[in-house]
Engineer: 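I am attaching a structure below and will ask some questions about it afterwards.
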Amino acid sequence: VQLQASGGGLVQAGGSLRLSCAASGRTFTNWAMGWFRQTPGKEREFVASVTWNLGTTYYADSVKGRFTISRDRAKTMVYLQMESLEPADTAVYYCAAGRTVTLVRNSPNAWGQGTLVTVSS
């Protein structure tokens, strides 16, 4: 499995940004995809996940109502639309893939490289 994340950048507080993750290397039927983030000195934390088949979504409390995860099965892409960004959202964001929704959250089978999101106040 190969995952290629993109879309990070610098944005002002209150702004929006969309991250993309191109997935390849296998069919993702019954898999789940997710986004995580990490800041220096902290552990990588779960942000959101989506099931490939039904598109069922899950979110961390800290981003619920502001972030939206989605997937395009035809393009094998996963997106993270981020709204009302806050300086606390500044982090390196990683996409991930897992054989199940539980695995993608706790022990992903594959990681993409990170993309840096910086939110200025």
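The structure displayed is predicted, hence computed values, not measured ones.
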Engineer: Does the side chain of Val47 come within less than 4.5 Å of Tyr59's, by heavy atoms?
Structural biologist: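 Sidechains of Val47 and Tyr59: no contact.
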Engineer: Is there a side-chain contact between Ser20 and Met77 in this structure, where contact means two heavy atoms from C-beta onward sitting under 4.5 Å apart?
Structural biologist: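 The answer is yes, as the side chains (C-beta and beyond) meet within the 4.5 Å cut-off.
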Engineer: Glu45 and Arg37: salt bridge (charged side-chain N to carboxylate O under 4.0 Å, His left out), yes or no, with the steps?
Structural biologist: CA-CA 5 Å; Glu45 66 170 355; Arg37 64 188 183 187; 2.6 Å; yes
Engineer: Between Thr115 and Ser6, is there a side-chain heavy-atom distance shorter than 4.5 Å?
Structural biologist: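 A side-chain contact is absent here, since even the closest heavy-atom pair is not under 4.5 Å.
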Engineer: I'd like to know whether Ser120 forms a side-chain contact (heavy atoms from CB on, under 4.5 Å) with Leu10, so could you lay out the CA-CA distance, the side-chain angles of the two residues, the decisive distance to 0.1 Å, and finally the verdict.
Structural biologist: CA-CA 7 Å; Ser120 63; Leu10 174 63; 4.3 Å; yes
Engineer: For a quick test of reading the model, state the closest non-hydrogen atom pair linking Ser121 to Ala13 and the distance between them.
Structural biologist: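 Closest approach of Ser121 to Ala13, heavy atoms only: CA-CB, 4.3 Å.
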Engineer: Following the transitive rule for hydrophobic clusters with a side-chain heavy-atom cut-off under 4.5 Å over Ile, Leu, Val, Met, Phe, Trp and Tyr, establish whether Leu80 and Met33 coincide in one cluster.
Structural biologist: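 Both belong to a single hydrophobic cluster.
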Engineer: Are the side chains of Ile69 and Val78 in contact, using a 4.5 Å heavy-atom criterion?
Structural biologist: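 Answer yes - side chains close enough.
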Engineer: Do the non-hydrogen side-chain atoms of Met82 and Tyr93 ever get within less than 4.5 Å of each other?
Structural biologist: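 Yes, close enough: below the 4.5 Å cut-off.
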Engineer: Under a 4.5 Å cut-off applied to non-hydrogen side-chain atoms, are Thr76 and Trp52 in contact?
Structural biologist: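 They are in contact (side-chain heavy atoms under 4.5 Å apart), so the answer is yes.
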Engineer: Which heavy atom in Pro108 sits nearest to a heavy atom in Asn106, and how many Å separate them?
Structural biologist: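 Result for this residue pair: CD-C, 3.9 Å.
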Engineer: Step by step, work out the side-chain contact (heavy atoms from CB on, under 4.5 Å) result for Val117 and Leu19.
Structural biologist: CA-CA 9 Å; Val117 172; Leu19 305 182; 3.9 Å; yes
Engineer: Looking only at non-hydrogen atoms, find the nearest pair between Thr118 and Leu116 and report the distance.
Structural biologist: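 Minimum heavy-atom separation between Thr118 and Leu116: OG1-CG, 3.7 Å.
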Engineer: Step through the shown structure and confirm whether more than 12 heavy atoms of other residues, nucleotides or ligands are within 6.0 Å of NZ on Lys75.
Structural biologist: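 No - once you tally the heavy atoms of other residues, nucleotides and ligands closer than 6.0 Å, there are 12 at most.
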Engineer: Would Tyr94 and Phe36 count as a close aromatic pair, with their ring centres under 6.0 Å?
Structural biologist: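 For Tyr94 and Phe36, the ring centres are not under 6.0 Å apart.
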Engineer: Asn109 versus Val1: any side-chain heavy-atom pair under 4.5 Å?
Structural biologist: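 They are not in side-chain contact.
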Engineer: If only atom types and distance count, is the side chain of Asn53 paired as donor or acceptor with the main-chain N or O of Thr29 below 3.5 Å?
Structural biologist: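 No: the side chain of Asn53 does not pair with the backbone of Thr29.
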Engineer: Does NZ or CZ of Arg44 lie under 6.0 Å from the centre of the six-membered ring of Trp111, at an angle within 45° of the ring axis?
Structural biologist: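 Arg44 over Trp111 ring: yes.
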Engineer: Please give me the minimum heavy-atom distance between Gly114 and Val92, naming the atom from each residue.
Structural biologist: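 Taking Gly114 first and Val92 second, the nearest heavy atoms are CA-CG1, 3.5 Å.
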Engineer: Ignoring hydrogens and angles, tell me if any N or O in the side chain of Gln113 forms a donor-acceptor pair with the backbone of Ala5 under 3.5 Å.
Structural biologist: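 Yes; judged by distance alone, with no hydrogens or angles, the pair exists.
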Engineer: May I have the step-by-step check of side-chain contact (heavy atoms from CB on, under 4.5 Å) for Phe67 and Gln81, ending in yes or no?
Structural biologist: CA-CA 6 Å; Phe67 290 12; Gln81 179 68 41; over 6 Å; no
Engineer: Using a 6.0 Å distance limit plus a 45 degree cone around the ring axis, check whether Arg105 lies over the aromatic ring of Phe46.
Structural biologist: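 Yes.
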Engineer: On a heavy-atom basis, which atom in Leu3 and which in Cys95 lie closest, and how many Å separate them?
Structural biologist: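 Scanning both residues, the minimum pair turns out to be CB-SG, 3.6 Å.
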Engineer: According to a 4.5 Å side-chain heavy-atom criterion applied to Ile, Leu, Val, Met, Phe, Trp and Tyr, with indirect links allowed, do Tyr79 and Trp31 form part of one hydrophobic cluster?
Structural biologist: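 Each belongs to a different hydrophobic cluster.
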